[in-house]
Amino acid sequence: MKIGIIGAGISGLTAGRELVRAGHDVVVFEKSNAPGGRIATRRSNTPTVYTFDHGSPYLSGSSSEFTVFINELKENGIVREWTDSVSYYKDGKILPEIPGRDRETLYIAPEGMNRIGKYMARWLDFHFSEKVGGLTHIGGSRIKKSPWMINSSTINVFEADAVIIATPAIQAYGLVSTAQDELDLRKMISVLDEIPYNSTYSFMAGYGKRDLPDWSLVSCQHPVISWLSNESRKKVNMDELAIVAHTTHEFTREHIEDESPEATDREIKKGLGEVLGSWASRPEWSQSHLWRYKRPRKSLGMPFLESENDLAPLAVIGDYFQGTTLEAAYLSGLRLGKHWAEKLT
Ligand SMILES: Cc1cc2nc3c(=O)[nH]c(=O)nc-3n(C[C@H](O)[C@H](O)[C@H](O)COP(=O)(O)OP(=O)(O)OC[C@H]3O[C@@H](n4cnc5c(N)ncnc54)[C@H](O)[C@@H]3O)c2cc1C
């Protein structure tokens, strides 16, 4: 079968790999120019090249399936253990541990977390820079052989026998809505409408050569800064300091429509100075990236959603199904991939 997947994040890549292994012909449509979605890496264009994981800073998980995946990435040299301790900022002090947190091993990709998406991409065919605008169900008329047409926001149109939507819930809602006139998808749409997301700015800051802080990650009780990741501690022999700061949802919502990104950046730098000391408010290089959909605030408690029309298979997967984490996104893709491998083969 020809299966179109919309979204090259970890859920879409995982479902795709399972379906290719079952003998299907899979094509992934991705609006950006690389695989990985919210597992992302950026490099500065400065003489000192800083590398920042400005999406999820690490991988962690407890299920047996995700542990198998982490081990696969380890064996292929993509990830390694990073740390099992997360520091905690409150009232002007950084404590070495979050009080009461159970220790858990966190894994990182030393060459950049985007290596994970690139590794998973080797099994799949892609259309990058191809934003899907909608779906048309053409099964009834049978003028064409396949029941689905995937309509790109440019003029391109692709036929598919089955479609998987692997985007944040709000974008999935928009895509499923375009096909609702032809199929009864109201139940699916009403479920997707219920998932709110936290937003964040990822502020990437490079400080040149200096003593590196001894923490890897800090969870912050601060009105602007929610997390800090010490990117320099992901590399061997790195003596230039690179930090990613995530802003709180409240700060981000307040500034999301700001006309002046410079003013928002100034407030983030001020926040960094408050948490780490005044030096931190004066990076040598900085850039921010807005993630409107960082993490879902609610989970649906099921592995995926599927339409009831078996002649026009349509499914939705992502991190909001069985949890609200990267592991949940992987498991959602894996479960649908295995289910469809059996059902459609
Ligand atoms: C800053 C940040 C920090 C995070 N920290 C953690 C953490 O500490 N722990 C944790 O477990 N998780 C964390 N996450 C969340 C984790 O990264 C996600 O849960 C996971 O990567 C989601 O994978 P996904 O496949 O569901 O979606 P995504 O990775 O969002 O993939 C969806 C893809 O669909 C594409 N797309 C969307 N619409 C269209 C369209 N119309 N046409 C074509 N393509 C489209 C997008 O470009 C994207 O590539 C963090 C995320 C961010 C951004």
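Just so you know, these numbers come straight off a predicted model, no measurement behind them. Start at 1 and go down the list; that is how both ligands and their atoms are numbered.
At a 3.5 angstrom cut-off on N or O pairs, L326 counts as close to ligand 1. Considering backbone and side-chain atoms alike, W291 places every N or O at 3.5 Å or more from each N or O of ligand 1. For a threshold of 3.5 Å applied to N or O pairs, the pair formed by Y58 and ligand 1 contains at least one separation below that value. At a 3.5 angstrom cut-off on N or O pairs, K294 does not count as close to ligand 1. The N/O atoms of S202, backbone and side chain alike, include none that comes under 3.5 Å of an N/O atom in ligand 1. Between E30 and ligand 1, at least one N/O pair is under 3.5 Å apart. For ligand 1, the polar-atom distance check finds no N/O of G12 at less than 3.5 Å from any of the ligand's N/O atoms. Geometrically, ligand 1 and L175 share no nitrogen or oxygen pair separated by less than 3.5 Å. Close N/O approach between S32 and ligand 1 is not found [any backbone or side-chain N/O within under 3.5 Å].
Taking 4.5 Å as the limit, every side-chain heavy atom of D125 sits out of range of all side-chain heavy atoms of V26.
Residue contact check for ligand 1: E327 places no non-hydrogen atom closer than 4.0 Å to it.
Aromatic pair Y58/Y107: centroids not less than 6.0 angstrom apart. Taking the centre of each ring, F304 and F321 stay at or above the 6.0 Å mark. In this structure, F203 has its ring center at least 6.0 angstrom away from the ring center of Y201. Proximity of the aromatic rings of H54 and W291 is defined here by a centroid distance below 6.0 angstrom, and this criterion is met.
Of all protein heavy atoms, the one lying nearest to atom 29 (O) of ligand 1 is R38 N, 2.8 Å. Summary of contacts: the protein heavy atom closest to atom 38 (N) of ligand 1 is T167 CG2, 3.6 Å. In this structure, the protein non-hydrogen atom closest to atom 42 (N) of ligand 1 is V132 N, 2.9 Å. Nearest protein heavy-atom neighbour of atom 6 (C) of ligand 1: S56 OG, 3.3 Å. Nearest protein heavy-atom contact of atom 34 (O) of ligand 1 is G7 CA, 3.2 Å. Scanning the protein heavy atoms around atom 15 (C) of ligand 1, the nearest turns out to be R295 CD, 3.4 Å. The nearest heavy-atom contact from the protein to atom 25 (O) of ligand 1 is S11 OG, 2.8 Å. Regarding atom 45 (C) of ligand 1, its nearest protein heavy-atom neighbour is K31 CG, 3.8 Å.
Within the listing of ligand 1, atoms 11 (O), 19 (O) sit less than 4.0 angstrom from a heavy atom of T325.
Salt bridge status for E194 with K187: absent, with no side-chain N to carboxylate O gap under 4.0 Å. With salt bridges taken as basic N to acidic carboxylate O contacts below 4.0 Å, none links K235 and E111. A salt bridge is defined here as a Lys NZ or Arg NE, NH1 or NH2 lying under 4.0 Å from an Asp or Glu carboxylate O, and K343 with D310 meets this definition. Look at D319 and R295 and you find no salt bridge, because none of the NZ, NE, NH1 or NH2 atoms lies under 4.0 Å from a carboxylate O. A salt bridge is defined here as a Lys NZ or Arg NE, NH1 or NH2 lying under 4.0 Å from an Asp or Glu carboxylate O, and K131 with E30 fails to meet this definition.
Residue contacts with ligand 1, taken as heavy atom pairs separated by less than 4.0 Å, involve H246 solely via side-chain atoms from C-beta onward. Proximity of Q171 to ligand 1, defined as any heavy-atom pair under 4.0 Å, is confined to the side chain (atoms from C-beta onward). Residue-level proximity to ligand 1 for P57 is carried by the side chain, the only part with a heavy atom below 4.0 angstrom.
The two atoms that bring S32 and A34 nearest to each other are OG-O, 3.2 Å, heavy atoms only. Scanning all heavy atoms of the two residues, the minimum distance from A172 to T167 falls at N-OG1, 3.1 Å.
If you check each of I165, L59, I6, D319 against atom 18 (C) of ligand 1, the one with the closest non-hydrogen atom is D319. For the residues G36, A329, A169, the heavy atom positioned nearest atom 23 (O) of ligand 1 is part of A329. Between the choices S226, A15, A166, G333, the shortest heavy-atom distance to atom 32 (C) of ligand 1 belongs to A166.
Within 6.0 Å of atom CD in E308, 12 or fewer heavy atoms from other residues, nucleotides or ligands are found, so the atom counts as exposed in its surroundings.
Relative to the ring axis of W82, R233 does not place its NZ or CZ within 45° and under 6.0 Å from the centre.
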Report the C-alpha distance between W285 and Y50 in whole Å, list the side-chain angles of each, state the deciding distance to 0.1 Å, and finish with yes or no for side-chain contact (heavy atoms from CB on, under 4.5 Å).
CA-CA 9 Å; W285 182 90; Y50 298 106; 4.2 Å; yes

